[in-house]
Amino acid sequence: VGLTIRPHRRDRRRRDTRGFGGVAVSHIAVVPYQVSIDPGLLTRVAAALQRQVHEHFAPLWQIDATVSPFVEWNSVPPDYARLILVDHLDSSALGVHATKDGQPYALVGTHGDWPLVASHELLEMLADPTGQKTRRGPSPKPGGGDVEILIEVCDPCQGKRWAYAIDGIPVSDFCTPAFYDGGGGPWSYANNIKAAHQVLQDGYLIWHDPAKQEWWRRDWLGQAPTDYALGPMPPTVSFLRGHIDRLTRAQRKRKAAKKA
C-alpha cells in the first residue's frame, strides 16, 4: 500500500492525542484502498468509532481524536493518519498498526468482523502510534519487580467474545491505565478484565524486564495462559511486536514438537 500520510504539528489541547516524535495525531481517516465498502456502512462504522474514542477512550486515557470516513483515497487531507481498509493482509493477522517514515497508519482486512478489528487497531494506534511505547508497572510474574509493559490496549482482551456494541457496530474492549499500573479497577472499559495484567482467552500481553534485559509474552491461545521468555531484543529490531510474534510462534512450535 502506498502511504501518503503526513501528520503535522498541532497545538496541544485538552485530551489531544499524545505525540509521537513530537507530532500529535489529531485526525483519523477510515478509508478503503482498492476494495469496495458500502458508503453507508463505512459512515456507520466511523461514527461508532468516533463515539468510542470520544466517549469511552478519551476520558480514561486523556487521548482524543476525530474519526472520519472517506470513500476516495485521494480525498484524505494530508494531516490525517489513515486507518486503511484492504481486501487482505500479507500476513495471517486481521489487522496491524505500524509507522512508515515515522508516520502512523493501520491496516484492516475487510473480511469477517472488520469493524471490530478496526476498533482494535484504531485504539492501539492512538495509545501507541509507534508500536514501541511501554508503561512502567509491577511485573505480571509474581516477585518480578517493576517492568516495562508494551501498551497494546486491546490485545489482552481482544476478540469477538469480549466485544461490545455501539449503535449496532461491534467494537473492541480495551485496557485502562490501571491495568498497567497495578492499581484498582476498572481494568478494562467493558469490565471483562477482572485484575491488573490479566490476559483473557484469545488475548496476550508483552513486557520487558529491564533488570534482566529480557522480554516476555503471556498469551491465552490454547487451553490456558502461557508465558514465553524471549530473551533480549537485538538493537536492529525495528518492529518490536512483529519480532516478538515471530519468536513466540517459534517457541510454540518447539513445545508442540516435544509433546508429539
Side-chain angles (χ1 to χ4, degrees), residues 1-8 17 20-21 23-54 57 65-132 152-155 158-160 163 165-172 174 202 238-246 249:
V1 177
L3 299 176
T4 57
I5 313 165
R6 299 184 183 86
H8 63 263
T17 55
F20 64 101
V23 179
V25 183
S26 300
H27 306 290
I28 306 292
V30 184
V31 58
Y33 182 83
Q34 296 184 350
V35 65
S36 178
I37 301 293
D38 176 73
L41 177 59
L42 183 67
T43 299
R44 288 178 57 221
V45 170
L49 297 182
Q50 178 66 90
R51 287 195 62 192
Q52 185 181 33
V53 170
H54 186 67
F57 188 74
T66 64
V67 182
S68 305
F70 289 85
V71 175
E72 298 294 334
W73 178 265
N74 292 328
S75 298
V76 179
D79 62 332
Y80 278 55
R82 301 185 186 220
L83 193 157
I84 306 164
L85 307 177
V86 296
D87 182 66
H88 67 279
L89 277 67
D90 292 335
S91 68
S92 61
L94 301 176
V96 65
H97 70 100
T99 58
K100 180 179 176 63
D101 300 325
Q103 300 167 342
Y105 69 95
L107 296 173
V108 173
T110 53
H111 296 281
D113 296 314
W114 69 262
L116 172 60
V117 180
S119 165
H120 179 129
E121 299 303 332
L122 170 63
L123 298 183
E124 292 194 341
M125 181 167 60
L126 289 175
D128 178 17
T130 66
Q132 311 273 1
E152 297 289 329
V153 295
C154 297
D155 287 346
Q158 69 179 0
K160 186 175 182 179
I166 297 177
D167 299 328
I169 300 297
V171 296
S172 179
F174 61 90
D202 303 324
S238 58
F239 183 30
L240 179 62
R241 192 178 66 170
H243 186 76
I244 287 174
D245 288 347
R246 288 191 292 273
R249 284 195 296 270

Asker: Roughly how far, to the nearest 0.5 Å, is the NE2 atom of H111 from the CG atom of L94?
Answerer: 10.5 Å

Asker: Under a 3.5 Å distance rule, please check whether H54 uses its side chain to pair with a backbone N or O of T66 as donor and acceptor.
Answerer: no

Asker: Test side-chain contact (heavy atoms from CB on, under 4.5 Å) on D128 and E152 and set out the steps.
Answerer: CA-CA 7 Å; D128 178 17; E152 297 289 329; 3.9 Å; yes

Asker: Relative to each other, are the rings of H27 and Y80 parallel, tilted or perpendicular (30° and 60° limits)?
Answerer: parallel

Asker: Do W73 and R82 touch side chain to side chain, with heavy atoms closer than 4.5 Å?
Answerer: yes

Asker: Show which side-chain atoms of residues 114-123 pair as donor or acceptor with protein atoms under 3.5 Å away, not counting sequence neighbours.
Answerer:
| residue | atom | partner | partner atom | Å |
| --- | --- | --- | --- | --- |
| S119 | OG | Q52 | OE1 | 2.7 |
| S119 | OG | S172 | N | 3.0 |
| H120 | NE2 | E124 | OE1 | 3.3 |
| H120 | NE2 | E124 | OE2 | 3.2 |
| H120 | NE2 | D155 | OD1 | 3.0 |
| E121 | OE1 | H97 | N | 3.2 |

Asker: Judged by atom type as modelled, is there a donor-acceptor pair below 3.5 Å linking the side chain of T110 to the main-chain atoms of V86?
Answerer: yes

Asker: Go through it in stages, so that I can follow the logic: the residues are E72 and V31, the test is side-chain contact (heavy atoms from CB on, under 4.5 Å), and I'd like the CA-CA distance, side-chain angles, deciding distance and then a yes or no.
Answerer: CA-CA 7 Å; E72 298 294 334; V31 58; over 6 Å; no

Asker: Quick check: closest heavy atoms across L89 and V108, and the distance to 0.1 Å?
Answerer: CD1-C, 3.9 Å

Asker: Taking salt bridge (Lys or Arg N to Asp or Glu O under 4.0 Å) as the test, write out the residues that go with D202, two or more places apart.
Answerer: R161

Asker: Of the non-hydrogen atoms in V30 and A46, which two are nearest, and what is the gap between them?
Answerer: CG2-CB, 4.5 Å

Asker: Please tabulate, for side-chain N and O atoms in residues 35-43, each donor-acceptor pair with protein atoms closer than 3.5 Å (sequence neighbours left out).
Answerer:
| residue | atom | partner | partner atom | Å |
| --- | --- | --- | --- | --- |
| D38 | OD2 | G40 | N | 3.1 |
| D38 | OD2 | L41 | N | 2.9 |
| T43 | OG1 | P39 | O | 2.9 |

Asker: Show the nearest heavy-atom pair for residues A127 and F57, with the distance to one decimal.
Answerer: CB-CZ, 4.0 Å

Asker: Looking only at heavy atoms, what is the nearest atom pair of V76 and A29, with distance?
Answerer: CG1-CB, 3.6 Å

Asker: Within the 4.5 Å heavy-atom criterion, are L126 and I28 side-chain neighbours or not?
Answerer: yes

Asker: Sorted by first residue and then second, give each salt bridge (Lys or Arg N to Asp or Glu O under 4.0 Å) pair with at least one member in residues 41-52; sequence neighbours left out.
Answerer: R51-E55, R51-D167

